[in-house]
Amino acid sequence: MSFINWNEKTTVAVEKIDSQHKTMVDIVNDLYESHSIYSKERIIEILHGLLEDLKFHFFTEEDYMKKYKFPGYISHKLEHDRFIRNFIDYIVKLESGDKEFDIDFLNSFRNWFINHLELNDKKCAIFIKEKEEECA
Ligand SMILES: [Fe+2]
Ligand SMILES: [Fe+2]
């Protein structure tokens, strides 16, 4: 069983969003499996890559929400922004040696990711799908 399970419960039925989520889930699962054999530099490099994926992904969702005037846009974006700030803080602490990488980080990533997906992304994806079907 993977650290983050990918199944029908974690899909939101908007293909672009699902595939971005899946890419990030794969990265986190790999980090969970292999962090004990990765060097600190390698872990930081992976986290930088994940940060770029997250930024691009949040941009994608926000772009959809703006395009279709999703009413929950502001609170959804605030959650993204807060998560990115905390993620960057964590990388900075690892780089400066203030913190050592540990599994708590991956646990909180998973909790946030699944919770956000269930509460925010699904709602927004249903809205996007409806709008796209109207436009089709
Ligand atoms: Fe989101
Ligand atoms: Fe998302």
Side-chain angles (χ1 to χ4, degrees):
M1 194 187 245
S2 304
F3 178 62
I4 303 177
N5 284 309
W6 189 256
N7 53 43
E8 68 284 353
K9 283 192 196 151
T10 40
T11 56
V12 299
V14 173
E15 208 184 320
K16 204 171 175 185
I17 293 178
D18 280 333
S19 99
Q20 292 176 352
H21 283 164
K22 175 78 168 70
T23 299
M24 295 186 285
V25 164
D26 287 344
I27 293 171
V28 173
N29 281 341
D30 172 68
L31 203 49
Y32 178 79
E33 290 289 323
S34 308
H35 70 277
S36 58
I37 55 164
Y38 287 160
S39 65
K40 182 181 168 178
E41 289 69 30
R42 176 95 182 97
I43 290 173
I44 290 173
E45 192 187 358
I46 291 169
L47 292 179
H48 273 290
L50 183 56
L51 174 63
E52 291 313 306
D53 287 338
L54 276 167
K55 284 183 186 167
F56 185 71
H57 169 62
F58 290 164
F59 178 80
T60 303
E61 285 184 358
E62 287 160 17
D63 214 37
Y64 270 128
M65 289 190 270
K66 280 189 287 185
K67 181 177 172 193
Y68 294 125
K69 299 187 174 29
F70 177 62
Y73 167 71
I74 290 181
S75 64
H76 194 147
K77 181 176 172 15
L78 279 174
E79 280 212 23
H80 289 168
D81 291 349
R82 198 177 312 126
F83 190 72
I84 288 289
R85 269 202 307 278
N86 291 338
F87 199 95
I88 293 172
D89 277 357
Y90 186 75
I91 295 179
V92 169
K93 282 182 182 144
L94 286 183
E95 285 173 334
S96 68
D98 277 358
K99 239 186 192 333
E100 288 302 314
F101 179 78
D102 64 33
I103 219 69
D104 288 349
F105 174 75
L106 295 180
N107 283 327
S108 55
F109 185 99
R110 176 176 61 181
N111 292 345
W112 185 87
F113 191 83
I114 297 297
N115 198 44
H116 179 83
L117 194 153
E118 294 282 347
L119 295 177
N120 298 79
D121 290 351
K122 278 190 179 171
K123 235 181 270 170
C124 135
I126 290 168
F127 192 83
I128 293 165
K129 247 198 136 40
E130 276 173 11
K131 292 287 172 189
E132 294 211 313
E133 277 160 16
E134 276 172 27
C135 297

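When a ligand or atom number is given, it counts from 1 through the structure's own listing order.
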Checklist line | L78 atom CG: more than 12 heavy-atom contacts under 6.0 Å | finding: yes
Item checked: Set of residues satisfying ring-ring contact (aromatic ring centres under 6.0 Å, His included) with respect to F3, sequence neighbours excluded -> Y32
Notebook entry, point to check: Will you find, in the side chains of H35 and D30, an N or O donor that is under 3.5 Å from an N or O acceptor?
Noted result: no
Notebook entry, point to check: Are F70 and Y64 an aromatic pair by the rule of ring centers under 6.0 Å?
Noted result: no
Margin query: Need one value: angle at the Fe ion (ligand 1), H80 atom NE2 versus H76 atom NE2, rounded to 10 degrees.
Written below: 90°
Item checked: E62/K66 ion pair, N-O < 4.0 Å -> no
Notebook entry, point to check: Is R42 close enough and on-axis enough to Y38, meaning under 6.0 Å and within 45°, for cation-pi?
Noted result: yes
Item checked: Sub-2.8 Å protein N, O or S atoms surrounding the Fe ion (ligand 2) -> H21 NE2, H57 NE2, E61 OE2, D121 OD2
